[in-house]
Amino acid sequence: MKKILRWVFIVIIVAFIIIQFFHPAKNAGVEIAATQINAVNNVPENIQHILKVSCYDCHSNTTFYPWYSKIEPVDWYLNDHVIEGKKRIEFF
């Protein structure tokens with residue numbers, strides 16, 4: 001039984017190491033889309049700051065990724081979250 005658990009543990013560790021080499025494309029551009037709310041509407045500075053802090057990471061082309069986004073499978077989860085956020089709200 002211990003031998004089987006050891007092999008299962010080894011396989012899990014090896015799989016974890018292998019998936020570290022497969023990263024999705026990042027959404028970390030510096031471009032401001034023509035449909036971004038700042039380009040479409042006149043937004044007050046305090047509201048613009050709130051939008052940048054709270055919304056832009058998932059709903060814009062200027063995503064800031066935290067340090068743990070370099071670890072798979074967390075990176076896959078965050079990338080999927082950003083893609084879903086960009087699909088739902090088109091005007092950022």
Side-chain angles (χ1 to χ4, degrees):
M1 184 68 175
K2 285 185 178 183
K3 204 172 197 180
I4 292 172
L5 287 176
R6 185 175 60 175
W7 278 105
V8 168
F9 182 72
I10 289 172
V11 167
I12 290 172
I13 294 297
V14 168
F16 182 76
I17 291 170
I18 289 173
I19 67 172
Q20 299 308 308
F21 295 103
F22 299 99
H23 297 282
K26 298 285 186 188
N27 182 40
V30 292
E31 67 183 56
I32 297 175
T35 57
Q36 191 165 337
I37 195 166
N38 298 7
V40 176
N41 297 319
N42 195 5
V43 180
E45 190 66 35
N46 59 341
I47 303 298
Q48 186 174 358
H49 176 71
I50 292 170
L51 289 173
K52 283 183 181 179
V53 171
S54 302
C55 305
Y56 275 25
D57 278 344
C58 296
H59 300 289
S60 75
N61 292 330
T62 55
T63 303
F64 172 76
Y65 289 94
W67 65 269
Y68 51 85
S69 71
K70 293 178 176 44
I71 301 169
E72 302 303 334
V74 174
D75 192 17
W76 296 335
Y77 170 75
L78 290 175
N79 187 54
D80 185 52
H81 187 71
V82 169
I83 290 171
E84 284 297 315
K86 288 182 74 174
K87 284 181 187 176
R88 290 186 183 182
I89 298 181
E90 297 282 326
F91 60 86
F92 279 116

Close side-chain approach of I83 and P24, heavy atoms under 4.5 Å
no

Mind checking whether [X] and [Y] sit in one hydrophobic cluster, side chains of I, L, V, M, F, W, Y counted as touching below 4.5 Å?
| X | Y | answer |
| --- | --- | --- |
| W67 | V74 | yes |
| L5 | I10 | no |
| Y65 | W76 | no |
| I17 | F9 | yes |

Output all residues satisfying side chain to side chain contact (heavy atoms under 4.5 Å, CB included) with V8, sequence neighbours left out; order by chain, then residue number.
I4, I12

The side chain to side chain contact (heavy atoms under 4.5 Å, CB included) partners of I18 (sequence neighbours excluded) come to V14, F22

Between CD1 of I71 and CG of L78, what distance do you get to the nearest 0.5 Å?
10.5 Å

With sequence neighbours excluded, tell me which residues meet side chain to side chain donor-acceptor pair (under 3.5 Å) with H23.
E72, D75

For residues A25 and N79, report the shortest heavy-atom separation together with the two atoms involved.
O-OD1, 3.2 Å

